[in-house]
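Note that these values count all heavy atoms, side chains included, but never hydrogens, waters or copies made by symmetry. Counting starts at 1 for both ligands and their atoms, following the listed order. It should be emphasised that the depicted structure is a prediction, and the values quoted were computed from it without experimental measurement.
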Amino acid sequence: MSRSAHPAGPRHADVMSEGHYTAPAEDLNVLDEKVWARTVTRDEHGALTVGGIEVARLAEEFGTPAYFLDESDFRARCRAWSDAFGPGADVFYAGKAFLSRAVVRWLREEGLNLDVCSGGELTCALDAGMPAERIAFHGNNKTVDEIERAVSAGVGRIVLDSFQEIVRVAHIAQRLGRRQPVQIRVTVGVEAHTHEFIATAHEDQKFGIALADGQAAEAVRRALTLDGLELIGIHSHIGSQIFDMAGFEVSARRVVQLLAEVRDEHGVELPEIDLGGGLGIAYTSEDDPREPHEIAKALGDIVTRECEAAGLSTPRISVEPGRAIVGPTAFTLYEVGTIKPLEGLRTYVSVDGGMSDNIRTALYDAEYSVALVSRTSDAEPMLVRVVGKHCESGDIVVKDAFLPSDLAPGDLIAVPATGAYCRSMASNYNHALRPPVVAVRDGQARVIVRRETEEDLLRLDVG
Ligand code: LLP
């Protein structure tokens with residue numbers, strides 16, 4: 001039963017519409033390829049396989065809950081992004097989505113660069129051999145220690161986020177006898193259509209320096225006078241999980257306008273612009289993400305057009321996709337525990353993980369899909385809410401979905417598209433042990449981040 005034979009999957013929109021829970025028309029056994037990693041399919045017995053390995057075998061060997069990451073899909077997505085943008089542009093994978101030493105090695109091998117936003121991410125990147133010049137260092141409140149480490153390592157760029165930081169980085173670079181390449185992060189005043197907590201280009205928030213009131217122009221003025229800094233460009237990140245290219249286009253246009261102002265005032269053409277990350281992925285069948293080549297074309301065209309109009313030579317463009325690379329490549333495998341039907345409402349299906357391995361549903365009202373993966377079933381669909389095992393009623397993994405009504409304790413279910421911001425935002429709430437990340441490729445599975453143990457937890461508890 002190959003997923004490509006039946007492209008449509010469970011219909012989430014029907015589920016979500018204002019309390020009208022229409023049973024899905026589609027076969028629940030069919031996997032929608034939009035939300036699953038590329039090598040995921042069902043074998044002839046109906047069991048889900050990834051990289052050619054059946055989930056029951058994976059569960060037996062690695063336990064549940066666990067994240068299974070399709071390495072060949074990850075690498076293919078890296079290549080799709082770098083091919084789409086071509087040699088005249090740079091793709092920086094945003095490590096906050098998910099970072100491990102194996103991931104750094106894959107990025108290095110696939111020719112991508114890396115955006116880090118903390119000393120911890122920097123250490124992971126350097127430790128796994130990412131050349132420092134291919135690293136961009138971000139953050140709205142970098143510590144002196146982090147800046148010193150980044151400058152000493154020779155990172156390719158530090159993205160400056162405030163007036164204080166312009167001076168701080170300049171002084172540190174000078175003290176270390178360096179001239180540090182930097183970009184200035186600006187807020188372009190775009191309202192990105194996404195959750196408030198992940199929108200970052202409107203003015204009333206903590207990131208960047210506003211283009212409005214000439215503040216960004218003033219930041220450029222100051223950066224250009226400081227010997228420790230080599231100002232190489234302007235950075236704008238408008239938010240996350242965005243499908244509409246319009247926000248990126250406005251952002252690109254406003255950044256190019258600033259480049260033109262800088263040229264007019266200082267006679268300097270800044271050579272680079274970075275348009276950040278934020279491209280949306282499919283969490284459910286209702287989501288319709290753009291492909292990297294469409295994004296590259298849309299951004300390239302707008303920058304070229306605006307630069308021609310302003311009489312500027314086209315700067316080198318960089319982008320920072322995190323979710324769009326790693327998000328679709330992994331799923332979380334859970335074992336079904338308690339099943340509680342609530343008459344006239346829905347059935348609560350408890351799994352052996354929860355908000356400690358996926359906080360996104362609780363934090364952003366994120367929508368996910370779910371499928372029974374250890375077998376197929378022809379039973380009637382039942383409306384379910386997949387919940388975790390934490391002492392918290394908001395501990396929801398999948399808010400509304402359908403699963404077969406013969407679901408039973410011990411069945412394996414999987415939530416796709418959990419590669420980004422799930423393991424990286426995982427917690428030890430209720431002393432939960434954070435799940436492992438297992439990379440699967442060509443019939444081989446190997447742990448790249450191991451499961452935490454109770455000894456790990458007690459080791460930190462030194463009281
Ligand atoms: N560049 C910068 C400067 C960023 O701040 C971010 C994300 C990215 C790139 C990557 O964005 P992506 O392509 O992955 O959307 N934890 C949230 C998202 C917060 C992301 C913060 N910055 C979530 O789970 O949706």
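Of all atoms in ligand 1, numbered sequentially from 1 with element shown, those under 4.0 Å from a heavy atom of Arg185 are 3 (C). Below 4.0 Å from some heavy atom of Pro321 lie the following atoms of ligand 1, by number and element: 13 (O). Atoms of ligand 1 lying under 4.0 Å from at least one heavy atom of His138, given by number and element, are 3 (C). Atoms of ligand 1 found under 4.0 Å from any heavy atom of Ala94, numbered from 1 in the order shown, are 8 (C), 9 (C), 10 (C). Annotation for ligand 1: atoms under 4.0 Å from non-hydrogen atoms of Arg360 are 23 (C), 24 (O), 25 (O). If you number the atoms of ligand 1 from 1 as listed, the ones under 4.0 Å from a heavy atom of Gly277 come out as 1 (N), 9 (C), 13 (O). Those atoms of ligand 1 with a heavy atom of Glu320 less than 4.0 angstrom away are 1 (N), 2 (C), 3 (C), 8 (C), 9 (C), 10 (C), 13 (O). Using a 4.0 Å cut-off to heavy atoms of Gly322, the atoms of ligand 1 that qualify are 12 (P), 13 (O), 14 (O).
A donor-acceptor pair under 3.5 Å links the side-chain atoms of Asp287 to the main chain of Thr284, judged by distance alone. A donor-acceptor pair is defined here as one N or O able to donate and one able to accept, closer than 3.5 Å; no such pair exists between the side chain of Asn430 and the backbone of Ala432.
The distance between the ring centers of His237 and His138 does not fall below 6.0 angstrom. Under the 6.0 Å cut-off for aromatic ring centres, Tyr93 and Phe74 qualify, their centroids lying closer than that.
Between the side chains of Gln241 and Tyr364, no donor-acceptor pair of N or O atoms lies under 3.5 Å. A side-chain donor-acceptor contact under 3.5 Å links Tyr334 and Asp357.
Between Asp32 and Ser285 the shortest heavy-atom distance is OD2-OG, 2.6 Å.
Contact analysis leaves Phe92 out of contact with ligand 1, as no non-hydrogen atom separation drops below 4.0 angstrom. Taking a 4.0 Å cut-off on heavy atoms, Ala420 fails to register as neighbouring ligand 1. Contact analysis leaves Ala324 out of contact with ligand 1, as no non-hydrogen atom separation drops below 4.0 angstrom.
Contacts between Asp115 and ligand 1, counted as non-hydrogen atom pairs separated by less than 4.0 Å, involve the side chain only.
Within the set Gln241, Met425, His235, Arg323, the minimum heavy-atom distance to atom 25 (O) of ligand 1 is found for Arg323. Heavy-atom proximity to atom 23 (C) of ligand 1, evaluated over Tyr364, Phe207, Tyr93, is greatest for Tyr364.
Remark: ligand 1 and Gly278 share an N or O pair separated by less than 3.5 Å (distance only, no angle test).
Among residues two or more places apart in sequence or in another chain, the ring-ring contact (aromatic ring centres under 6.0 Å, His included) test is passed with Phe331 by Trp36, Phe68. Residues satisfying the salt bridge (Lys or Arg N to Asp or Glu O under 4.0 Å) test with Glu165, not counting sequence neighbours, are Lys142.
Judged by the 6.0 Å distance and 45° axis criteria, Arg360 is not positioned over the aromatic ring of Tyr368.
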